[in-house]
Structure formats: structure tokens, C-alpha cells
A.B. asks: 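This is the structure I want to talk about, given as C-alpha cells.
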Amino acid sequence: MKADALGRKFNTLRLSLTNVCNLACLYCVHESDANSQAYLPTANEDISEGKKVLSVDEFISIIKSILRHTSLETVRLTGGEPTLFKDLVPLVKALKDLGIPRVVLTTNGFLLKRKAQSLSEAGLDGINFSLDAIDKAIFFKMSRRDKLEATLDGIDAALENGINVKINSVIMKGVNDNQILPLLDYAISKNVAIRFLELMKMGHLYQGHNDFFFSEQDILWTIATKFHFQKKRRVSSSTANYWETQEGYKFGIIANESSPFCSDCNRLRLDSFGNIYGCLSNNNGISIIDCLDDDSALENRLQQALKQKQQVKFTGSELSMKAIGG
Ligand code: SAM
């Protein structure tokens, strides 16, 4: 496919396998929906808006069509909660059989203990665990579920199975900003990379975002109370900036507001109903289900998605990350 004026095209795909989740995190879910029952969607079962969830074969045929237009270095499986997708292991295997160099997962991790070995055997290349607190009460406050221990067990299971692990922690002012140092200590103790995320203006917090916003600078000030560190050079198209402490520990910050990274963003998103999105700031999904065999129509829609990308900065969206895939 043709690159845009900033030289951007797609070479990373984020695939949302389901919009259902088994946590109800403060930043994704409004209080009024926090107790709705999570359930296991099966392929093609009607869920929420009466739309069809795609099966493994359907995801694979969409990806094969996309591969005729652009090569994909990385496919990241996300959601909702991707471990709720019942055919996750066969999907990982099918993606590796297609020759995708990096197939990785973003998960809250609390079902990982029983899936880590089969995911590793299927060829999964890495897992980003979302872990917003290491204190049980604050974990509950952030996720509205009592699942800290299961999540930590999931991280251990991934490590025991030789899977490359990273931790992502969204920081909300007044809720879990006192967890930055304990989370960093935990990551150091496990010898895994950690990235702190600035809260993004999305979903039900699109308006109230400022009340909870804890900036990159605030995060650095917090870490500076315990560590001396230096900034490292940013790798092109990376979402995170990285620092290294005097002791040699690295940490990252994904700062959508303070250090936007739109100008070399190479990500394409596909939701669980077959709609593509070029940018998290744009909640108009473009369906590609009807044009998988029509190369010129598909190229057109990929170009439409590429045009959704912001020039400079993420502008926010009323769509929750849970729907579009984080
Ligand atoms: N359920 C999986 C998980 O918890 O990792 C995957 C989906 S979740 C939507 C993916 C990522 O999006 C998580 O790391 C989550 O913390 C992040 N996220 C969701 N909403 C966000 C927001 N408003 N600002 C920053 N990060 C957000």
C-alpha cells in the first residue's frame, strides 16, 4: 500500500478478539456498567449489539487479505479481554503458520495461569500484562474485581514458560499514583520491563479526563523520589519513551498527551466485527468484510483508515478502548 505524506503505513495490527472483558477497570467502564456479567463469547454468537463475533478462520482470512496490501511485522491480540476468546491458542498458531514474525498478547492476565503453556507452545512471542496496582485494595479500586493474586500468578506462569513479559500500568491521579514505586519495585524483582501510561481521553472519561490525569512529568517526579535516571533514545514508531536508572533498571512511559507519537504511528486496528480503524482518535470503524476478495476496494478502505491518523496528537474519542482494542 502507498504510504501517506508523513511516510506512514501499516505494519502492526492490533486485533480486538472480543469487546467483552472480565475486569471493569475505572478508565474503560462507567460505574453504571461495572456489574454487568462478563461471559464467554463463542465464534459467531450474537453479542451486545446483535453483531457477529468473528471466528479464527474469519480472522485469518481477513489477515491474509490485508497481507496482500501491506506486510505485518507484529500482530497484537487484545480486546476486551483476549483470553476470553475460546480459540486463542489455535489463532496464535494460525498466525505463526502464516509467517507473522511477532504475535503478541495484551491481557489482564488473570486467566493466564492455565493458558501460558499452550500459548507458549503455539509460538506466542510476548505478553503485555496490564497491572495497575500491586496493593490488593487499590487493584480492586482500579479493576473492580478481586483478582490481584490470579494476575500475579498469570505473570509467573508466563515467565515460567519462557514468554517475554512486559507490564503496562495506567496511572490515575488520586487512585493509583501511589503505586508507581511499588509497581517499579515489583517489575525490578521479576526482571521484566514496565511502562507507565498516561490516562488517555477515551470512553466515559473523554470529558472528565483532567480530574484523573497524571502526566509523564508527574510520573518522573515520583520515580525521582527514589531513583536517579537518564533518558534513553526513542526507537522510531515506539509508543514509549524509556529511562534507565543508575542501577541499570529500565522503565518506560507511554505519554499520549505529553509526548505524542502520532507522526510515526504504524498501527492498524481491527475489531471483533471486522471493522478497521487507523487511529484511536477516530471511532468510525470501516467494515472490510464485504471486500476481502476485491483488491482495489480493500486498498481504498485501508487508505481511508490511514487518513484517520492524526498529524500530531491524539485528540480523544468517546469510544472505550474496550471496544476498539488497546
Ligand atoms: N483486557 C486486556 C488488558 O487488560 O490488557 C486488553 C484490553 S485493554 C483495553 C488494553 C490496554 O488499554 C490496557 O493496558 C489498559 O490499561 C489500556 N487502556 C484502556 N483505556 C485506557 C485509557 N483511557 N488510557 C490509557 N490506557 C487505557
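The analysis underlying the following values was restricted to heavy atoms, covering all of them including side chains, and did not include hydrogens, waters or symmetry mates. Ligands are counted one by one from 1 in listed order, and the atoms in each one are counted from 1 as well.
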A.B. asks: Testing Lys166, Arg102, Lys96 for salt bridge (charged side-chain N to carboxylate O under 4.0 Å, His left out) with Asp125, which one passes?
C.D. replies: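 Exactly one pass, corresponding to Lys96.
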A.B. asks: Under 3.5 Å, sequence neighbours excluded: what are the donor-acceptor pairs made by side chains of residues 174-183?
C.D. replies:
residue: Asn176; atom: OD1; partner: Met172; partner atom: N; Å: 2.6
residue: Asn176; atom: ND2; partner: Asp132; partner atom: O; Å: 2.8
residue: Asn176; atom: ND2; partner: Val170; partner atom: O; Å: 2.8
residue: Asp177; atom: OD1; partner: Gly174; partner atom: N; Å: 2.7
residue: Gln179; atom: OE1; partner: Ile134; partner atom: N; Å: 2.8
residue: Gln179; atom: OE1; partner: Asp135; partner atom: N; Å: 3.0

A.B. asks: Atom 17 (C) of ligand 1: which of Met202, Met321, Met200, His204 has the nearest heavy atom?
C.D. replies: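 Closest candidate by heavy-atom distance is Met321.
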A.B. asks: Quick test of your reading: applying salt bridge (Lys or Arg N to Asp or Glu O under 4.0 Å), list the pairs with at least one residue in residues 258-276, sequence neighbours left out, ordered by first then second residue.
C.D. replies: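 The answer is Arg234-Asp264.
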A.B. asks: Which of the numbered atoms in ligand 1 are below 4.0 angstrom from a heavy atom of Ser130?
C.D. replies: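 So the atoms of ligand 1 that pass are 3 (C), 4 (O), 5 (O), 13 (C), 14 (O).
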A.B. asks: Heavy-atom contacts with Asn108 under 4.0 Å: which atoms of ligand 1 show up? List them by number with element.
C.D. replies: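 Matching atoms, with element in brackets: 2 (C), 3 (C), 4 (O), 5 (O).
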A.B. asks: Atom 8 (S) of ligand 1: which protein heavy atom is closest, and how many Å away?
C.D. replies: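 Minimum-distance protein heavy atom for atom 8 (S) of ligand 1 reads Gly79 O, 4.4 Å.
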A.B. asks: With heavy-atom distances below 4.0 Å as the criterion, list the atoms of ligand 1 near Thr78.
C.D. replies: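 So the atoms of ligand 1 that pass are 6 (C), 7 (C).
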A.B. asks: Is the ring centre of Phe229 less than 6.0 Å from the ring centre of Phe251?
C.D. replies: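 Yes - the distance between ring centres of Phe229 and Phe251 falls below the 6.0 Å cut-off.
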A.B. asks: For ligand 1, is any non-hydrogen atom under 4.0 Å from Cys28's backbone (N, CA, C, O), its side chain (CB onward), both, or neither?
C.D. replies: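 For Cys28, only side-chain atoms sit under 4.0 Å from ligand 1.
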A.B. asks: Of the non-hydrogen atoms in Ile62 and Gly274, which two are nearest, and what is the gap between them?
C.D. replies: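 The answer is CD1-CA, 4.3 Å.
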A.B. asks: Can you confirm whether the side chains of Gln246 and His228 place a donor and an acceptor under 3.5 Å from each other?
C.D. replies: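 There is no such pair (donor and acceptor under 3.5 Å, judged by atom type) between the side chains of Gln246 and His228.
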A.B. asks: Does some non-hydrogen atom of Gly80 fall short of 4.0 Å from ligand 1?
C.D. replies: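 Right, Gly80 reaches ligand 1.
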A.B. asks: Do me a favour and list the nearest non-hydrogen protein atom to atom 2 (C) of ligand 1 with residue, atom name and distance?
C.D. replies: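 Ranked first by proximity to atom 2 (C) of ligand 1 is Glu81 OE1, 3.3 Å.
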A.B. asks: Check each heavy atom of Leu205 against ligand 1 and say whether those closer than 4.0 Å belong to the side chain, the backbone, both or neither.
C.D. replies: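 Leu205 to ligand 1: no contact under 4.0 Å from either part.
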A.B. asks: Consider side-chain contact (heavy atoms from CB on, under 4.5 Å). Of Ile155, Leu105, Asp153, which one does Leu112 pass it with?
C.D. replies: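 For Leu112, the side-chain contact (heavy atoms from CB on, under 4.5 Å) check succeeds only for Leu105.
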A.B. asks: Decide whether Ser258 and Gln217 meet the rule of one side-chain donor and one side-chain acceptor closer than 3.5 Å.
C.D. replies: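 The answer is no; no qualifying pair exists.
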A.B. asks: Using a 4.0 Å heavy-atom threshold (strictly under), name the region of Glu198 that reaches ligand 1: side chain, backbone, both or neither.
C.D. replies: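 For Glu198, the contact with ligand 1 is made by the backbone alone.
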A.B. asks: Considering both backbone and side-chain atoms of Asp132, is one of its nitrogen or oxygen atoms within less than 3.5 Å of a nitrogen or oxygen in ligand 1?
C.D. replies: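 So ligand 1 has no N or O lying under 3.5 Å from an N or O of Asp132.
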A.B. asks: Side chain, backbone, both or neither: which applies to Thr106 and ligand 1 if a contact is any heavy-atom pair less than 4.0 Å apart?
C.D. replies: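 Both parts.
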A.B. asks: Does Asn168, backbone or side chain, put an N or O under 3.5 Å from an N or O of ligand 1?
C.D. replies: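 It does not: no N or O of Asn168 is found under 3.5 Å from an N or O of ligand 1.
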A.B. asks: Closest by any non-hydrogen atom to atom 16 (O) of ligand 1: pick that one out of Tyr27, Phe129, Phe314.
C.D. replies: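 Considering heavy atoms of Tyr27, Phe129, Phe314, the nearest to atom 16 (O) of ligand 1 sits in Tyr27.
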A.B. asks: Nearest protein heavy-atom contact for atom 10 (C) of ligand 1: which residue, which atom, what distance?
C.D. replies: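 In this structure, atom 10 (C) of ligand 1 has Gly326 CA, 3.7 Å as its nearest protein heavy atom.
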A.B. asks: Heavy atoms only, cut-off 4.0 Å: how does Val170 contact ligand 1, side chain, backbone, both, or neither?
C.D. replies: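 Near ligand 1, Val170 shows its side chain, while the N, CA, C and O stay back.
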